[in-house]
Amino acid sequence: LKKLPDCIGDLASLETLVISSSSRLHHVPASIGKLKALTFLEISHCASLKKLPMAMAKLKALKSLKFIACVFRSCPKRSLPVGKVFKPCT
């Protein structure tokens with residue numbers, strides 16, 4: 001998998017998204033910001049993913065955000081709306 005499909009934003013009721021061990025993933029579409037019910041997002045071991053879309057700042061329901069073994073060149077400039085857990089971009 002090199003990129004998540006743009007239609008991921010159509011999954012309006014999606015509450016949990018785990019993206020893991022996808023070493024070729026290099027793109028998360030801006031449509032991820034449409035996931036209004038998303039409360040848990042984990043991105044782990046995605047070495048080719050170097051930046052996150054600004055639209056992630058629209059994830060208002062997000063309560064847990066985890067980045068594990070990821071190295072981003074840039075993250076959204078606006079703060080990400082998370083409640084309980086935030087693992088910063090490293």
Side-chain angles (χ1 to χ4, degrees):
L1 182 68
K2 290 185 178 182
K3 71 177 203 161
L4 291 178
D6 289 331
C7 62
I8 195 162
D10 297 337
L11 302 173
S13 298
L14 186 69
E15 294 179 5
T16 299
L17 178 59
V18 176
I19 305 167
S20 180
S21 300
S22 185
S23 61
R24 297 186 312 156
L25 180 71
H26 62 83
H27 178 73
V28 173
S31 63
I32 197 169
K34 295 180 182 179
L35 300 176
K36 301 299 181 199
L38 193 68
T39 59
F40 180 86
L41 174 60
E42 178 179 309
I43 302 175
S44 64
H45 304 282
C46 296
S48 296
L49 184 60
K50 300 299 181 197
K51 70 179 201 173
L52 299 172
M54 292 284 293
M56 283 185 63
K58 295 178 182 178
L59 298 174
K60 303 297 183 200
L62 199 61
K63 292 185 176 145
S64 181
L65 175 61
K66 294 183 181 181
F67 300 121
I68 302 167
C70 295
V71 180
F72 299 112
R73 289 186 195 146
S74 66
C75 289
K77 294 183 193 251
R78 297 182 193 123
S79 61
L80 295 171
V82 294
K84 297 179 183 172
V85 177
F86 176 70
K87 303 272 183 174
C89 297
T90 56

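Expressed to the nearest 0.5 Å, how far CD1 of Ile43 lies from CD1 of Ile19 amounts to 4.5 Å. The structure places OG of Ser23 at 11.5 Å from CG of Leu49, a figure rounded to the nearest 0.5 Å. Once rounded to the nearest 0.5 Å, the distance linking CD1 of Ile68 with OG of Ser20 reads 7.5 Å. A distance of 13.5 Å separates NZ of Lys51 from CE of Met56, quoted to the nearest 0.5 Å.
Under the side chain to side chain donor-acceptor pair (under 3.5 Å) criterion, no residue pair touches residues 26-39, with sequence neighbours excluded.
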Verify side chain to side chain contact (heavy atoms under 4.5 Å, CB included) between Leu17 and Ile32, making sure each step is shown before the conclusion. CA-CA 10 Å; Leu17 178 59; Ile32 197 169; 4.0 Å; yes
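Minimum heavy-atom separation, Ser44 to Cys70: CA-SG, 4.0 Å. For the pair Gly33 and Lys58, the tightest heavy-atom approach, listed with the atom from each and the gap, is O-CB, 3.6 Å. Across all non-hydrogen atoms, the minimal contact from Ala57 to Lys60 is O-NZ, 3.4 Å. Of all heavy-atom pairs between Ala55 and Ala30, the closest is CB-O, 3.1 Å.
Under the side chain to side chain contact (heavy atoms under 4.5 Å, CB included) criterion, Thr16 pairs with Val18, Phe40, sequence neighbours left out.
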Return a table of donor-acceptor pairs under 3.5 angstrom between the side chains of residues 1-12 and protein atoms on other chains or two or more places apart.
none

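Residues Leu65 and Leu59 form no side-chain contact, since every pair of their non-hydrogen atoms from C-beta on lies 4.5 Å or further apart.
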